[in-house]
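Reviewing the structure listed below.
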Amino acid sequence: MVISARSMSRRYGSADLPFVALAPTSLDIEPGEYVAIVGASGSGKSTLMNLLGLLDRPSSGRLRFEGKETTALGPDALAQIRNRRIGFIFQQYHLLPRMTALGNVELPLVYARETLRNRRRRAEAALDSVGLSAKLGSLPASLSGGEQQRVAIARALAMDPVLLLADEPTGALDSRSGADVLALIEGVNRRGRAVVIVTHDARIAARAPRIISMRDGAIASDERRSEQGLMFA
Ligand SMILES: Nc1ncnc2c1ncn2[C@@H]1O[C@H](COP(=O)(O)OP(=O)(O)OP(=O)(O)O)[C@@H](O)[C@H]1O
Ligand SMILES: [Mg+2]
């Protein structure tokens with residue numbers, strides 16, 4: 001199992017006036033799965049993603065990542081799992097503006113203390129895999145939104161993660177660039193990595209073999225599709 005969450009919750013606010021962003025939730029994600037998360041604004045999708053990505057800590061419950069309990073780990077151990085095992089893509093790209101496309105994609109390899117030669121080779125290969133070999137030296141501001149998101153995908157893949165988390169990766173893109181980005185993400189999954197994608201786009205969700213639907217900080221439904229049609233998990 002890549003992810004195994006048990007009674008995992010997230011509350012904000014004070015103890016006497018808590019706001020439950022995520023009610024106790026149990027969830028497994030297997031290697032190579034492709035999961036879409038849908039739900040209204042404020043239903044807790046990003047809260048759940050940030051917990052799955054070890055960017056945030058649950059208020060209660062447990063979270064195993066590749067079999068290892070994470071809730072008692074310190075910040076450095078969590079950062080190391082994020083760096084080595086998880087790729088992130090966000091709606092707003094989150095590229096460093098003063099670094100070239102190549103520099104941005106090299107960053108996770110720098111954190112992992114790869115040699116200069118290795119990180120250059122791997123970053124170039126990652127940018128090639130998203131069709132941006134011609135833009136290695138470009139700054140983010142000189143790239144289109146779709147190109148910036150492809151740089152973000154290359155950065156997310158540079159360390160060859162087991163899990164790719166994408167929170168509305170096509171939300172800021174026109175339909176053509178969005179389709180390109182989605183095709184890349186689906187290709188990442190076909191090459192065996194687990195993908196969790198948050199989307200408001202019903203067409204994107206409809207392509208996913210598993211759809212988790214959130215409402216008011218809880219999973220309202222979790223449906224797996226087979227060739228025969230919908231199955232309930
Ligand atoms: N840091 C925070 N402090 C207090 N409340 C928060 C915080 N982060 C999120 N929330 C609240 O938790 C709830 C769930 O937020 P979340 O960002 O997970 O929603 P979402 O489903 O991702 O929405 P959207 O589709 O708009 O991105 C919201 O009501 C939000 O206001
Ligand atoms: Mg969100």
Side-chain angles (χ1 to χ4, degrees), residues 2-29 33-63 65 70-71 73-75 78-79 82 86-95 145-146 148-149 152-153 155-156 161 163-175 177-179 181-182 184-186 188-189 194-208 210-223 233:
V2 179
I3 294 273
S4 191
R6 290 294 174 270
S7 305
M8 179 176 73
S9 79
R10 182 66 166 99
R11 293 182 297 273
Y12 292 109
S14 58
D16 44 326
L17 196 65
F19 176 81
V20 180
L22 185 72
T25 294
S26 297
L27 175 69
D28 288 335
I29 295 169
E33 262 201 302
Y34 187 99
V35 186
I37 300 184
V38 301
S41 181
S43 59
K45 304 181 298 297
S46 295
T47 300
L48 176 60
M49 289 289 267
N50 291 339
L51 291 169
L52 297 181
L54 311 181
L55 288 166
D56 189 17
R57 288 174 183 279
S59 307
S60 67
R62 289 176 292 127
L63 177 63
F65 188 90
T70 62
T71 37
L73 294 177
L78 292 174
R82 286 197 304 269
I86 309 175
F88 296 91
I89 316 171
F90 302 97
Q91 182 170 343
Q92 295 302 337
Y93 326 130
H94 290 309
L95 301 177
Q148 289 184 63
Q149 192 62 303
I153 294 174
R155 179 182 58 187
L163 174 66
L164 179 66
L165 297 175
D167 195 343
E168 295 189 43
T170 64
L173 301 176
D174 64 79
S175 58
S177 310
V181 161
L182 184 68
L184 284 169
I185 292 172
E186 290 180 351
V188 168
N189 176 249
V195 170
V196 182
I197 180 171
V198 169
T199 182
H200 279 118
D201 186 331
R203 285 165 304 178
I204 294 179
R207 296 166 63 90
R210 180 178 175 191
I211 305 178
I212 292 177
S213 161
M214 302 207 49
R215 192 190 308 141
D216 297 336
I219 292 179
S221 70
D222 184 349
E223 295 170 354

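Atoms within a ligand are numbered from 1 in the order they appear, just like the ligands themselves.
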Which ligand 1 atoms, with their elements, are less than 4.0 angstrom from a heavy-atom of Ala21? 12 (O)
Heavy-atom nearest neighbour in the protein, as seen from atom 29 (O) of ligand 1, with distance rounded to 0.1 Å: Phe19 CZ, 3.3 Å
Taking only non-hydrogen atoms of Ala40, do any sit less than 4.0 angstrom from ligand 1? yes
Nearest heavy-atom approach of Arg6 to Ser26 is CA-OG, 3.5 Å
Regarding Thr199 and Asp201, do their side chains bring together a donor and an acceptor under 3.5 Å, going by distance alone? no
Can you establish whether the number of heavy atoms outside Asp174 located under 6.0 Å from its atom CG is more than 12? yes
On a heavy-atom basis, the closest approach of Ala36 and Ala205 is CB-CA, 4.1 Å
Only one of Ile185, Leu95, Val181, Thr170 passes side chain to side chain contact (heavy atoms under 4.5 Å, CB included) with Gln149; say which it is. Val181
For His94 and Phe90, take the angle between the two ring planes, folded into 0 to 90°, and tell me which bin it lands in: parallel under 30, tilted 30 to 60, perpendicular over 60. perpendicular
Considering only heavy atoms of His200, which atoms of ligand 1 have at least one such atom less than 4.0 Å away? 25 (O)
min-distance protein heavy atom vs atom 17 (O) of ligand 1 -> Ser46 CB, 3.7 Å
Identify the protein heavy atom lying closest to atom 27 (O) of ligand 1, giving its residue, its atom name and the separation to 0.1 Å. Glu168 OE2, 3.7 Å
Show your reasoning for whether side chain to side chain contact (heavy atoms under 4.5 Å, CB included) applies to Val196 and Leu48. CA-CA 11 Å; Val196 182; Leu48 176 60; over 6 Å; no
I want to confirm something. Looking only at heavy atoms, which of Lys45, Arg10, Met214 is nearest to atom 21 (O) of ligand 1? Lys45
Over all heavy atoms of both residues, which pair between Arg11 and Ser60 is shortest? Give the atoms and the distance, please. NH1-OG, 4.1 Å
Write out the residue and atom name of the closest protein heavy atom to atom 26 (O) of ligand 1, then the distance separating them to 0.1 Å. Ser41 OG, 2.5 Å
In the protein, which heavy atom is nearest to atom 15 (O) of ligand 1, and how far is it? Thr47 OG1, 3.7 Å
Contact with ligand 1 for Gly44, non-hydrogen, under 4.0 angstrom: yes
Tightest non-hydrogen contact, residues Arg57 and Leu78, listed as NH2-CD1, 3.3 Å
In the structure I gave you, are the side-chain heavy atoms of Leu27 and Asp222 within less than 4.5 Å of one another anywhere? yes
Looking at atom 14 (C) of ligand 1, what's its closest protein heavy atom, distance included? Gly42 O, 3.4 Å
How close do Phe88 and Leu164 get, counting heavy atoms only, and between which atoms? N-CD1, 4.4 Å
So, at under 2.8 Å, which protein N, O or S atoms would a careful student list around the Mg ion (ligand 2)? Ser46 OG
What residue and heavy atom of the protein are closest to atom 10 (N) of ligand 1, and at what distance? Tyr12 CE1, 3.5 Å
Stepwise side chain to side chain contact (heavy atoms under 4.5 Å, CB included) test for Met49 and Glu168: CA-CA 11 Å; Met49 289 289 267; Glu168 295 189 43; over 6 Å; no
